[in-house]
Amino acid sequence: MLLQFLDTLRAIKEEPRIYTCAKIKLFAKLHYRGTVCVLAPIIFIWLLTPFPPQPYQWTGYCIAIMAAYWVSECIPLALTSFFPIIIFPFAGVSSTGEVCRSYFNDTVLMFLGSLILAYSIEQCGLHKRLAYIAIRSFGYSHVNLLLAMCVVTTFVSMWITNTAAATMMVPIIFAVLKVFEDQKLLKIYDTNSDGEKVASDITTCYFCVATYSATIGGIGTLVGTATNLVFKGLLSSTYPKAPELLSFLKFSAFGIPLMIILDIFMMLYMLILYVGCCRPRSATAKKTKVSPEGMKAAQKAVNENYAKLGRLTCWEGMVILLFGGAMLLFFFRSPQTFKGWGDLISDYFELNDTKFVRDSALAALVVFLMFLLPSNISICKNFTAKFHEDFPKRVRSVLDWNCLTAALPYSFVFLLGGGFALSDAAKKTGLNEKIGESLQSLKSLPNIWILLFVIIFVVLITNLGSNVAVCNVVTPICMTLAKEIGRNPLWYALASGLSSSFCFMLPVGTPGNLVVQSAAKIPTIKMVKAGLGPTFTTILFTWLLLYFYAPVIWSDLATLPEWTS
């Protein structure tokens, strides 16, 4: 016993001592979330001085705390969105009823409707069929496969969430890479200095192309990503007198050309860097060359997986009919170049209001039909059945409510609501004017350089925090800046709103990056390297198209319109 006691004492003495710097590092690593939760409200107290604080000071204080919590994700993003409900009534900024109305409005309902419509594609598996059709059409070299994945992921991401589009591609990419690995044409994983498996360069290329294409595809339509609806909602709530500037047709008329250009240059960068395109004698080009045997093996694997899907089902046909019909009707509700069906309804009731029927009404109607209509025609057997056993079993509807509620990301609704509550309070309390006064120094700069500054700033920030959260915080400030320097707020809302989607370098900015990083074990440094090119080209071409092409779509973009007053 004595010997054991002495051994224990000796072990304690031999254990290295933890010094102050090491303690601080360990504490910061383990408890940074709690530290941010406690310190952020204390650090930003200065915004409330001099005491007693005015309503606009409380609004600024709430924005600062929410920005810190959103960027650090020290508590769930949705919980941070409840701060306006907690702070504003107690601070005399807005009543509880006024604040809560921001959490459920036309834009929020449209966002929910677009999520539900998108999930109908996932439930029936139509997105996987589209992916395999694209791969079979393009070919089986690395260049062709990457182009196929880029095209299909971009297209699908125009209609469903970016995260879902990127997640869809994960098993398909693994299936293709496994075939090549079996042919000894590549290695899916390398081993790092610690003996851990990490994604090889070609694996990094495939998975990053998937998530980058999903991000870029989201700017093609209003429902492509949440940030589009966020900045549209912020614009309409800040300037209720404004006409419907961001209709489906006008938004896509700008978004789709930008999306195509960004995809082209993203693919060029990835193919040159990882596949050796334009440098055929390089080691990368020789290493990634696929033999005819490898192509045949990949073709066989894809054909087998596609055959498992079977023929196009009635369920998929119903989704194509309902979802496709909804998208067409969205485009032609109020296109402004001619009378849409929404305009005709307004004229029929002599309302003289082009915004009387909005997209959320159509989304709600189509969602209702998806829950009402059957996913197959076996229900027709009810009319021909003669005996009890001839009657069909319960027929599933196009959308299943239980599956939907289990998968639907409701928390994003609170993010939108929190952003709208902040925007309303900033306008009501005069905070926007205070911010505008502090930005007057930018008035002397040419508009083209201010737009570039906004785009660069937002792209860098959105790599560090949630895209939706960044859009909620930055877009109202950018619209205020525009008004103060005599520019159209729509111009700056487009610059900040679109740029807040462009997260390519870090996984924390968008869930799609996080999905592929965790699935393929991509080191962050490799993702940063892959994302540098797309980040640069995205900033450059978003800037050029916003300055030169956006005024073609919105003819009054170069003037300060009357609805800003």
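In this text the structure is predicted, and so the values were computed from the model without any measurement.
In this structure, the ring of F371 has its center less than 6.0 angstrom from the ring center of W401. For F265 and F536, the distance between ring centers is not under 6.0 angstrom. Less than 6.0 angstrom separates the ring centroid of F414 from the ring centroid of F82.
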Item to complete: Given side-chain contact (heavy atoms from CB on, under 4.5 Å), test Y239 with K483 step by step and report yes or no.
Response: CA-CA 11 Å; Y239 300 105; K483 186 179 177 183; 3.8 Å; yes
Worksheet item: Is there a side-chain contact (heavy atoms from CB on, under 4.5 Å) between L112 and F104 once you walk through the steps?
Response: CA-CA 10 Å; L112 262 179; F104 200 83; 4.3 Å; yes
Worksheet entry | Chi angles and distances behind the side-chain hydrogen bond (donor to acceptor under 3.5 Å, both in side chains) call for T462, S500 | CA-CA 6 Å; T462 202; S500 61; 5.4 Å; no
Worksheet item: Does the side-chain contact (heavy atoms from CB on, under 4.5 Å) test come out yes or no for L452 and I539, once each step is laid out?
Response: CA-CA 8 Å; L452 178 61; I539 290 172; 4.1 Å; yes
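Between R101 and D424 there is no salt bridge, since none of the side-chain N atoms of the basic residue sits less than 4.0 Å from a carboxylate O of the acidic one.
Within a 6.0 Å radius of CZ in F155, no more than 12 heavy atoms belonging to other residues, nucleotides or ligands are found. The number of heavy-atom neighbours closer than 6.0 Å to CZ of F90, taken from other residues, nucleotides and ligands shown, is 12 or below. For CD1 of I525, the number of neighbouring non-hydrogen atoms (other residues, nucleotides, ligands) closer than 6.0 Å is 12 at most. For W341, the CH2 atom sits in a packed shell: over 12 heavy atoms of surrounding residues, nucleotides or ligands are nearer than 6.0 Å.
A side-chain donor from one of N447 and Y492 sits under 3.5 Å from a side-chain acceptor of the other. Side-chain contact of S496 with T475: a donor-acceptor pair under 3.5 Å is present, judged by distance alone. With no hydrogens or angles considered, no side-chain donor-acceptor pair links S252 and T221 at under 3.5 Å.
Of all the heavy atoms in P84 and M66, the pair that sits closest is CD-SD, 3.7 Å. When every heavy atom of N228 is checked against every heavy atom of L222, the shortest pair comes out as CB-O, 3.3 Å. What you find for I522 and C208 is that their closest heavy atoms are CD1-SG, 4.4 Å. What you find for P489 and W563 is that their closest heavy atoms are CD-CH2, 4.1 Å.
Between the Y212 side chain and the M266 main chain, no donor and acceptor come within less than 3.5 Å of each other. Between the S157 side chain and the G217 main chain, no donor and acceptor come within less than 3.5 Å of each other. The closest donor-acceptor contact from the side chain of T537 to the backbone of G533 lies under 3.5 Å. For the pair T59 (side chain) and P55 (backbone), a donor-acceptor distance under 3.5 Å is present.
Using bins of under 30°, 30° to 60° and over 60° for the plane-to-plane angle, the ring pair F254/W554 lands in the tilted bin. The aromatic rings of W491 and Y547 sit parallel, their planes meeting at an angle under 30°, below the 60° perpendicular limit. Relative ring orientation between Y61 and W58 is described as perpendicular, the plane-to-plane angle rising above 60° on a 0-90° scale split at 30° and 60°.
At a threshold of 4.5 Å between non-hydrogen side-chain atoms, the residues L481 and R487 do not count as touching.
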